[in-house]
Amino acid sequence: MRVFIVNPSDLAFGIAVITPRWLFVLAGATPRQYGDPIICDETLEPFDAARVQPGDVVGIGVHTSNALRGYSIGRAARAAGATVVFGGIHSTLYPEEVREQGQAHAVVRGDGDVVWSRVLADIVAGTLQPQYEGGKVSGENFVQARWDLLPDGKYMWASVQTVRGCPKHCSFCSVWRTDGQEPRMRTVDAVVSEIVALRRKGFRFIALADDNFYPVALKDLEMAARREDKTRLHELEEMRAERFELMDRLAKLPKDSIFFTQITMEAAEDTEFLDAMKRANIKGALVGVEAVTPEGLKEIYKDFNLAGDALAKRLQTFKKHGVHVLGSFIFGLPSDRPSTFDATAALAEQAGITFAQFVMLTPFPGTIDFEKWEKSHGDHPPMIEGVPLTRHWLIPPHKRPKYYMPHPTMTHDEVRARTQQVWDRFYSLPVVWKRSKTAGALRWRVAFVLISKLYRQMYANTGIATDSARQSRSQQWARLMLKPLQKLFVGRPIPDLQMPTAN
Ligand code: SF4
């Protein structure tokens with residue numbers, strides 16, 4: 001019995017930007033008695049069902065965007081005689097659909113870290129159950145990724161997770177529901193040992209792929225301090241202290257190790273935290289800005305963010321403390337008007353944001369927005385190619401709408417076209433060149449421009465363009481750029497690198 005673990009994707013580029021961490025974690029969760037799992041990341045190359053033999057196990061992890069591709073792999077693997085097991089966020093939300101469309105023998109809901117070995121044991125024993133509840137495993141039970149199985153020269157950045165879960169409850173996001181609102185932190189040693197393993201292999205760019213790297217805000221501490229019972233305060237203080245300990249350890253790694261992560265904007269109030277990030281060489285963070293108006297923030301339950309000039313100032317604080325911001329903005333909120341697009345582009349410039357993404361509000365399953373949107377269609381949602389719009393991920397990709405949420409004053413086309421214009425403005429060559437000053441030497445300025453362009457091509461053009469010629473040009477361009485860019489990111493392997501010690 002061989003174990004395949006597959007990350008489905010409709011597009012394969014030969015080289016990928018970030019390692020899909022879950023593949024290597026599930027490999028780590030596979031008991032050694034079954035041999036090394038065969039990892040197939042379709043962002044590199046398509047899965048070949050002809051390699052599967054009767055009796056093999058094919059594990060497929062799906063989120064909503066790649067579910068349809070995952071289902072076709074499931075069917076092909078089952079036809080080849082494999083036992084097919086699905087996991088991932090989408091399987092957690094729609095186990096029945098996964099069983100029907102992907103012909104899954106079994107579906108794992110929740111975290112696979114602990115339950116995966118039980119699934120494999122049940123397959124061997126002939127007692128496989130149709131469904132397994134992996135639940136939310138605690139931070140100390142997160143499995144170490146098997147980075148020894150990483151193919152050479154295929155990924156630009158590695159990814160390590162330090163915490164799962166987010167205490168917020170944004171309406172467009174499913175993380176707080178699927179990963180929970182109580183942050184589950186890994187031990188500092190577990191995180192650092194993975195990073196050291198990756199640095200030994202020559203990875204010097206590492207994404208700390210967390211839901212929210214800043215799980216305890218100063219406000220949370222203030223609120224807990226007001227309670228008579230101080231238990232929660234002590235828990236939060238301990239969590240905060242562990243974050244600092246982690247960053248202290250990262251600061252002791254070779255100086256050319258560079259990290260990126262994802263945090264909430266409240267971190268800008270906590271300059272002690274930002275300074276620790278700088279010392280740890282956490283050079284940048286994705287910050288969910290989402291909307292630039294108070295009305296917009298209220299609509300998405302994110303009124304802990306600021307708006308207007310105060311917002312620009314807060315974002316500038318990150319940069320002042322050495323943390324670059326990849327700002328994420330959402331368009332298509334009910335309160336958005338044509339002027340919102342310009343105001344957003346202007347704010348991104350004013351705030352000195354280094355990278356930005358501008359996405360259109362999309363109802364993703366598991367979110368509050370989705371529930372409301374699905375309800376609004378009642379029992380008779382519009383059909384596309386025989387698929388209800390409320391199951392949009394099952395619509396063939398070329399027929400899938402680019403935008404789903406009705407807007408009170410703008411048409412879908414207007415929202416899409418205006419979104420595209422903001423991308424064009426933020427990533428126009430003169431503007432990017434000006435921004436590249438931040439990168440320093442000429443070589444790095446050129447790299448900055450290429451990365452900006454690549455980001456734009458991979459995201460904006462393939463994501464929101466309706467014109468298929470434009471999409472295919474973007475994909476070709478991205479393919480061409482990935483190889484030379486990958487060389488820029490490679491570091492010198494340090495096989496004898498030791499674990500940095502605690503103070
Ligand atoms: S969008 Fe970010 S801050 Fe909001 S719930 Fe999701 S992970 Fe948390």
Side-chain angles (χ1 to χ4, degrees), residues 18 21-22 63-65 88-90 92-93 110-111 136 139 142 159-186 207-221 223 236 239-240 243 260-270 273-274 277 282 284-307 311 314-315 318 323 325-333 344 353 355-373 405 459:
I18 301 189
R21 179 177 167 75
W22 75 268
H63 46 82
T64 298
S65 312
I89 294 173
H90 196 79
T92 302
L93 295 168
D111 294 335
K136 297 181 179 75
F142 289 1
S159 53
V160 173
Q161 191 170 41
T162 76
V163 57
R164 254 179 237 172
C166 176
K168 307 298 180 198
H169 56 272
C170 306
S171 67
F172 57 88
C173 175
S174 63
V175 159
W176 57 281
R177 286 173 148 184
T178 52
D179 280 351
Q181 287 185 285
E182 183 59 34
R184 292 170 285 149
M185 287 177 19
R186 290 177 79 195
L208 303 175
D210 298 326
D211 297 326
N212 181 2
F213 185 77
Y214 183 63
V216 183
L218 292 179
K219 269 200 191 96
D220 301 329
L221 289 166
M223 272 164 62
L236 294 178
M239 277 160 69
R240 180 176 166 84
R243 293 277 93 180
F260 295 87
T261 190
Q262 176 163 316
I263 49 180
T264 47
M265 207 192 294
E266 295 157 308
E269 285 171 42
D270 193 345
F273 196 87
L274 293 185
M277 285 175 73
I282 303 176
L286 188 140
V287 178
V289 183
E290 327 302 3
V292 300
T293 63
E295 300 77 36
L297 291 168
K298 211 163 178 193
E299 280 160 0
I300 52 172
Y301 302 0
K302 202 154 186 166
D303 27 13
F304 57 89
N305 271 6
L306 297 177
L311 166 63
R314 185 162 281 191
L315 289 168
F318 284 98
V323 179
V325 171
L326 192 165
S328 181
F329 298 85
I330 299 179
F331 286 132
L333 304 175
T344 304
I353 285 174
F355 290 94
Q357 63 186 31
F358 307 95
V359 299
M360 289 183 294
L361 185 61
T362 303
F364 278 114
T367 66
I368 292 176
D369 286 350
F370 182 86
E371 280 166 12
K372 281 192 200 154
W373 174 76
M405 304 291 255
Y459 202 124

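Each residue takes its place number in the sequence, starting with 1. As the structure lists them, so they are numbered: ligands from 1, and atoms in each ligand from 1. In this text, all values refer to a predicted model and were calculated from it rather than measured experimentally.
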Contact summary for Val160 and Arg21, nearest pair of heavy atoms: CA-NH1, 3.5 Å
Relative to each other, are the rings of Phe331 and Phe358 parallel, tilted or perpendicular (30° and 60° limits)? parallel
Side chain proximity check, Glu299 to Ser171, heavy atoms < 4.5 angstrom: no
How far is atom 2 (Fe) of ligand 1 from the closest protein heavy atom, and which atom is that? Lys302 NZ, 4.1 Å
Counting non-hydrogen protein atoms only, what is the nearest one to atom 6 (Fe) of ligand 1? Give residue, atom name and distance. Cys173 SG, 2.3 Å
Report the part of Cys170 (side chain from C-beta onward, or backbone N, CA, C, O) that has a heavy atom under 4.0 Å from ligand 1; answer both or neither where that applies. both
Side chains of Met239 and Pro183: does their closest heavy-atom pair fall under 4.5 Å? yes
Out of all atoms in ligand 1, which are within 4.0 Å of some heavy atom of Asp211? Include the element for each. 7 (S)
Indicate yes or no for a side-chain donor-acceptor contact from Arg186 to the backbone of Val163 under 3.5 Å, with no hydrogens or angles considered. no
Looking at Trp176, which atoms of ligand 1 are within less than 4.0 Å of one of its heavy atoms? 5 (S)
Element-labelled atoms of ligand 1 that are located less than 4.0 Å from some non-hydrogen atom of Phe172: 1 (S)
Flag Cys166 as yes if one of its N/O/S atoms falls below 2.8 Å of atom 6 (Fe) of ligand 1, otherwise no. no
How does Thr264 reach ligand 1, if at all, at less than 4.0 Å between non-hydrogen atoms: by side chain, backbone, both, or neither? side chain
Answer yes if the ring centres of Phe273 and Tyr214 are under 6.0 angstrom apart, and no otherwise. yes
